[in-house]
2 protein chains.
Amino acid sequence: MTPLYGAVEAGGTKFVCLVGSGPDDIRAEARFPTTTPAETLGRTFAFFREQRARHGALAAVGFGSFGPVDLDPGSPSYGRITSTPKPGWADTDIVGAARAALDVPIGFDTDVNAAAMGEWRWGAALGLDTIVYLTVGTGIGGGGLIGGRPMHGLVHPEMGHTWVPHDRAADPFAGCCPFHGDCLEGLASGPAMRARWAMAAEDLPAGHPAWRLEAHYLAYAVANFVCTLSPQRVILGGGVMTSPHVLALVREAVVSLLNGYVQVPAILDRIDDYIVAPGLGARSGVLGGLVLAEQCARA
Amino acid sequence: MTPLYGAVEAGGTKFVCLVGSGPDDIRAEARFPTTTPAETLGRTFAFFREQRARHGALAAVGFGSFGPVDLDPGSPSYGRITSTPKPGWADTDIVGAARAALDVPIGFDTDVNAAAMGEWRWGAALGLDTIVYLTVGTGIGGGGLIGGRPMHGLVHPEMGHTWVPHDRAADPFAGCCPFHGDCLEGLASGPAMRARWAMAAEDLPAGHPAWRLEAHYLAYAVANFVCTLSPQRVILGGGVMTSPHVLALVREAVVSLLNGYVQVPAILDRIDDYIVAPGLGARSGVLGGLVLAEQCARA
């Protein structure tokens, strides 16, 4: 019998919880707004206890969490959200609380590393071992797998806070990142688009110049990730990327920027298959939580 | 008895060859200019045959090579320099020629991944598993280890060809990269400094504004690598970095750019120990070749 797992996409605006063993076997799903840690984690644990009563024991539960988080198993603050500016959430011990409440092994990683793992296991990155997953929405976040393992290192990537060229003559918008002004997130997140054009990204029509500018910044970022990490595929998810033509504009701009320097067929001849949308749509993150659960159950 | 290995730093301007088992046991070393592949590889193989006659068999030979190179063991062009613009060197089969000439296992990676491995084994990155090594000289190249393994992926990193913000009002120099104009290499390599200031980097005095501008660009790049890869340490080598104060200026600018966003003591409190010079000086690359040899002898 296939073991059942729990998965949580713990986002800054909402939590998505799921019980199942994969995208074709989802037994239950719930989503609720992220309020206080006590209330939000309380609802999360109540959901899993209820599902456990209905479907039987869960072998493990995996959390893909907003951050920054501590991923170092040797650290005293392992499993915590650390220095987030989100009110009430700094120093929240996700793994400790989950272990105490559910008494099963708890997998834990960033939301974007989890999404990359979901895409690697069931989505757009099947069979690959070095991939980047970038989400462009309320914020911009990136993670990935290198040699089949999620990216950790000193802390974990913060790809939204990299810098790209910003021509202030062409785009005088100063950027809206409270830490960095015109880093990628400051120039190209959903809130940046809203601040620059006085209109929400979802309301900007497909032919609006906003989209070519958006693709321009994202293409610089993707080209930088390509030259820094040499991924086998780049997956672009998040709300801003659901606009119909932006993915095609990003691909075109990346090829133009790289200008033949990285001479591989994946980029020169098959860009549509190199920079792609998530195969799991909006569920990459929560399904990645199932992969985290699977892996920690086996460890 | 410790096995003896051969190592080669195969650079675009010179080849450095060495026989030994580590930095404290170097039996012989030779360097010669990079001319044609036949002549340069001929001298390389002759050196190892001569040393073998003197010191006994070599267990393996490792090459850290200029690129781009093919690192995929499953590819028909594995072990070759591929699409380099360097006259005569495109499609040169380093590994095939070395196996045929020396009849020992041949390790192979980029020059910068090799340098990272040298620093990891004996230099400034002892005990770490996720590091970036950047060389700033005639070109700018970067590599590293992630989770203890050299960075490969689709091809290998080309970190010198990432983009950083370029304020043309403050620095009207257009950049000198033939592919990208004002990518990092186009703005901050040795030739870029010479073209901008009409003076070679080594002749620019320590207080010259060139150095603050150089540190400014390198700091953007380092901050981007920190946010993309989350390395445990960043090692900056190469000719340009031997100028006395530039490393300190880079550290200062990185801290200022990140602006407290990555809240870890390594960056907030110990930046001098986070962004460092190579522990092996100019020998990181060739000693890294010994590590490549060791690893392939064991495989």
Side-chain angles (χ1 to χ4, degrees), chain A residues 68 70-71 82-83 128-132 142-144 146-169 177-184 220-221 223-234 257-264 266-267 274, chain B residues 68 70-71 82-83 128-132 142-144 146-169 177-184 220-221 223-234 257-264 266-267 274:
Chain A
D70 187 338
L71 300 176
T82 57
S83 57
L128 304 180
D129 70 11
T130 300
I131 59 169
V132 168
I146 298 201
R149 292 192 290 180
M151 295 181 68
H152 293 174
L154 182 67
V155 200
H156 48 71
E158 290 284 0
M159 296 186 194
H161 295 273
T162 55
W163 282 267
V164 294
H166 173 200
D167 178 350
R168 283 167 191 266
C177 171
F179 287 89
H180 309 124
D182 64 348
C183 66
L184 178 65
Y220 268 117
N224 276 356
F225 301 145
V226 167
C227 290
T228 304
L229 290 157
S230 201
Q232 295 161 319
R233 189 163 289 154
V234 178
L257 281 172
L258 291 175
N259 194 25
Y261 185 74
V262 183
Q263 287 203 11
V264 286
I267 293 173
Y274 184 66
Chain B
D70 187 338
L71 301 175
T82 56
S83 57
L128 304 179
D129 69 12
T130 300
I131 59 168
V132 168
I146 297 201
R149 292 192 291 179
M151 296 182 67
H152 293 174
L154 181 67
V155 199
H156 48 70
E158 288 284 0
M159 298 185 194
H161 296 273
T162 56
W163 282 267
V164 294
H166 173 201
D167 179 348
R168 283 167 191 266
C177 171
F179 288 88
H180 309 123
D182 64 349
C183 66
L184 178 64
Y220 268 116
N224 276 356
F225 300 145
V226 167
C227 290
T228 305
L229 290 159
S230 201
Q232 296 161 321
R233 188 162 290 153
V234 177
L257 281 172
L258 291 175
N259 194 25
Y261 185 74
V262 183
Q263 286 204 12
V264 286
I267 293 174
Y274 183 67

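Quick caveat, the model's predicted, so the values are computed rather than measured. Each chain gets a letter, A, B and so on, in the order its sequence line appears, and its residues count up from 1.
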Query raised in the report: Residues in ring pair (Phe, Tyr, Trp, His ring centres under 6.0 Å) with Y220(A), at least two apart?
Result: H216(A), W163(B)
Query raised in the report: What part of V262(A) is in contact with chain B, defined as an atom under 4.5 angstrom from a non-hydrogen atom: side chain, backbone, both or neither?
Result: side chain
Report summary line: Rounded to the nearest 0.5 Å, the CD1 atom of I146(B) sits from the CE atom of M151(A) at a distance of 5.0 Å
Report summary line: Bottom line for P231(A): the part with an atom under 4.5 Å from chain B's heavy atoms is backbone
**Report entry** Top contributor to chain A interface from C227(B), G147(B), P165(B), G142(B) [non-hydrogen pairs under 4.5 Å]
**Finding:** C227(B)
Query raised in the report: Run the side chain to side chain contact (heavy atoms under 4.5 Å, CB included) check on N224(A) and N224(B) step by step: do they pass?
Result: CA-CA 9 Å; N224(A) 276 356; N224(B) 276 356; 4.0 Å; yes
Query raised in the report: Of all of N259(A), D182(A), L154(A), I267(A), which one pairs up most often with chain B through heavy atoms under 4.5 Å apart?
Result: L154(A)
Requested in this report: With a 4.5 angstrom heavy-atom cut-off, could you sort out which part of S230(A) is near chain B: side chain, backbone, both or neither?
Outcome: both
**Report entry** Residue part contacting chain B, namely of V264(A), when any heavy atom lies under 4.5 Å
**Finding:** side chain
Report task. Please lay out, stage by stage, how T162(B) and T162(A) fare under the test side chain to side chain contact (heavy atoms under 4.5 Å, CB included). Result -> CA-CA 11 Å; T162(B) 56; T162(A) 55; over 6 Å; no
Query - Qualifying residues under ring pair (Phe, Tyr, Trp, His ring centres under 6.0 Å), relative to Y261(A), sequence neighbours excluded - result: H161(B), F179(B), H180(B)
Requested in this report: Please look at L257(A) and chain B and tell me whether the side chain, the backbone, both or neither of the residue comes under 4.5 angstrom of a heavy atom of that chain.
Outcome: both
Report task. Could you walk me through whether L229(B) and L229(A) pass the side chain to side chain contact (heavy atoms under 4.5 Å, CB included) test, one step at a time? Result -> CA-CA 8 Å; L229(B) 290 159; L229(A) 290 157; 3.1 Å; yes
